[in-house]
Amino acid sequence: NDEGGDAGAAPTSADVIVFDADCDNNMTIDANIDVAGVQIDSGYSGVITQNSTRTIRVRSSDWTQADGTFTGNDANIDIDDDFTMTGGTFTDSSALTAIAGDFDTSAGGTFDATSNSGTVTFDGGDATIDVNGTETFYNLTVDKSNYAIQTISAGDTLIVNNNLSLSDGRLQGEKIQ
């Protein structure tokens, strides 16, 4: 279901792809996609799988996930704005998962950034990381533009199992282990 578009047509950069309780199908992303947003609502019980070499770009309408399962593969996932998760499971790509806006998993869900041994990069402007106590990453990079600030919310700890890279910008707030 792509909001405002033809449900049978491939989504465009103007579309927000919506998975809701009425959609009980699994989905395989078998082409590169460039969309305005991804919205996985409460009640969606399917699995969304990124096929090998298929890139995903999400523009200014965010990635929001309240249920369901997303499984990344071996191609980049580029989220130009916020990533908000309140339920479900998100497994990152073995390549790069870039998030330019706020990263919020504080209300629940499972953000799995270790199974595929990929890199999560926080890029873009000033933004906040707010997790439910701790969040674990395989590789983590902060590469902000123009000395922008990436803030880790009070009481939160980011755990990096492999490489931590601070390329540009500033990192402030709570802990990194």
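On a predicted model such as this, the values are computed, not experimentally measured, just so you know. Count residues from 1 along the sequence.
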A.B. asks: Between R54 and D30, does at least one N-O distance fall below 4.0 Å, as a salt bridge requires?
C.D. replies: no
A.B. asks: Can you check side-chain contact (heavy atoms from CB on, under 4.5 Å) on T119 and T121, steps first, answer last?
C.D. replies: CA-CA 6 Å; T119 298; T121 296; 3.7 Å; yes
A.B. asks: Kindly determine whether V160 and I176 satisfy side-chain contact (heavy atoms from CB on, under 4.5 Å), including the steps that lead there.
C.D. replies: CA-CA 7 Å; V160 181; I176 295 182; 4.0 Å; yes
A.B. asks: For residues D168 and D143, report the shortest heavy-atom separation together with the two atoms involved.
C.D. replies: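 Of all heavy-atom pairs spanning D168 and D143, the closest is CB-OD1, 3.5 Å.
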A.B. asks: Would you find a donor on one side and an acceptor on the other, under 3.5 Å apart, between the side chain of D126 and the backbone of I149?
C.D. replies: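 Yes, because the side chain of D126 sits within donor-acceptor range (under 3.5 Å) of the backbone of I149.
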A.B. asks: With no hydrogens and no angle check, is any side-chain donor or acceptor of N76 less than 3.5 Å from a backbone partner on L96?
C.D. replies: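 Answer holds: yes.
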A.B. asks: Go through the steps for T91 and N116 under the test side-chain contact (heavy atoms from CB on, under 4.5 Å), then give the verdict.
C.D. replies: CA-CA 8 Å; T91 302; N116 283 337; 3.6 Å; yes
A.B. asks: Among the clusters formed by ILVMFWY side chains lying less than 4.5 Å apart, do Y138 and V142 turn up in the same one?
C.D. replies: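 No: no chain of side-chain contacts under 4.5 Å links Y138 to V142.
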A.B. asks: With distance as the sole test, does Q50 use its side chain to make a donor-acceptor pair with the main-chain N or O of D74 at under 3.5 Å?
C.D. replies: no
A.B. asks: Looking only at non-hydrogen atoms, find the nearest pair between I40 and I48 and report the distance.
C.D. replies: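 Looks like CD1-CD1, 3.7 Å.
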A.B. asks: Could you walk me through whether T114 and D112 pass the side chain to side chain donor-acceptor pair (under 3.5 Å) test, one step at a time?
C.D. replies: CA-CA 6 Å; T114 59; D112 178 0; 3.3 Å; yes
A.B. asks: Grab the two heavy atoms, one from S52 and one from N73, that are nearest each other, plus how far apart they are.
C.D. replies: N-ND2, 3.3 Å
A.B. asks: For the pair N162 and N139, evaluate side chain to side chain donor-acceptor pair (under 3.5 Å) and give the outcome as yes or no after the intermediate values.
C.D. replies: CA-CA 5 Å; N162 194 38; N139 294 315; 2.9 Å; yes
A.B. asks: For the residue pair G37 and V58, what are the closest heavy atoms and their distance?
C.D. replies: CA-CG1, 3.6 Å
A.B. asks: Is it true that F122 and L171 fall in one hydrophobic cluster, defined by side-chain heavy atoms closer than 4.5 Å?
C.D. replies: yes
A.B. asks: So do Q177 and T157 actually touch side chain to side chain, heavy atoms under 4.5 Å?
C.D. replies: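 Sidechains of Q177 and T157: in contact.
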A.B. asks: Return the minimal non-hydrogen interatomic distance between I17 and P11, and the atom names on each side.
C.D. replies: CD1-CG, 3.8 Å
A.B. asks: Would you say the side-chain atoms of N146 pair up with the backbone N or O of A148, donor to acceptor, closer than 3.5 Å?
C.D. replies: no
A.B. asks: Sequence neighbours left out, what passes salt bridge (Lys or Arg N to Asp or Glu O under 4.0 Å) with D80? Give chain and number order.
C.D. replies: R57
A.B. asks: Check the pair I29, N51 against side-chain contact (heavy atoms from CB on, under 4.5 Å), reporting the backbone distance first and the verdict last.
C.D. replies: CA-CA 6 Å; I29 300 170; N51 258 2; 5.7 Å; no
A.B. asks: So, Q39 and T64: side-chain donor and acceptor under 3.5 Å apart, yes or no?
C.D. replies: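 Short answer, no.
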A.B. asks: Which atom pair, heavy atoms only, marks the closest approach of A75 to T53?
C.D. replies: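 Smallest interatomic distance, heavy atoms only, reads CB-C, 3.5 Å.
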A.B. asks: Is there a donor-acceptor contact under 3.5 Å from the side chain of D156 to the main chain of V131?
C.D. replies: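 Answer holds: yes.
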A.B. asks: Mark yes or no for whether S94, through its side chain, and G118, through its backbone, hold a donor-acceptor pair below 3.5 Å.
C.D. replies: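 Such a contact is absent between S94 side chain and G118 backbone.
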A.B. asks: Please answer whether the main-chain N or O of S13 pairs with a side-chain N or O of D34 as donor and acceptor at a distance below 3.5 Å.
C.D. replies: no
A.B. asks: Taking D81 for its side chain and D62 for its backbone only, find out whether a donor-acceptor pair lies under 3.5 Å.
C.D. replies: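 Looks like no, no N/O pair under 3.5 Å.
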A.B. asks: So, applying ring pair (Phe, Tyr, Trp, His ring centres under 6.0 Å) with W63, which one of F70, F111, F19 is it?
C.D. replies: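 Of the listed options, the one satisfying the test is F70.
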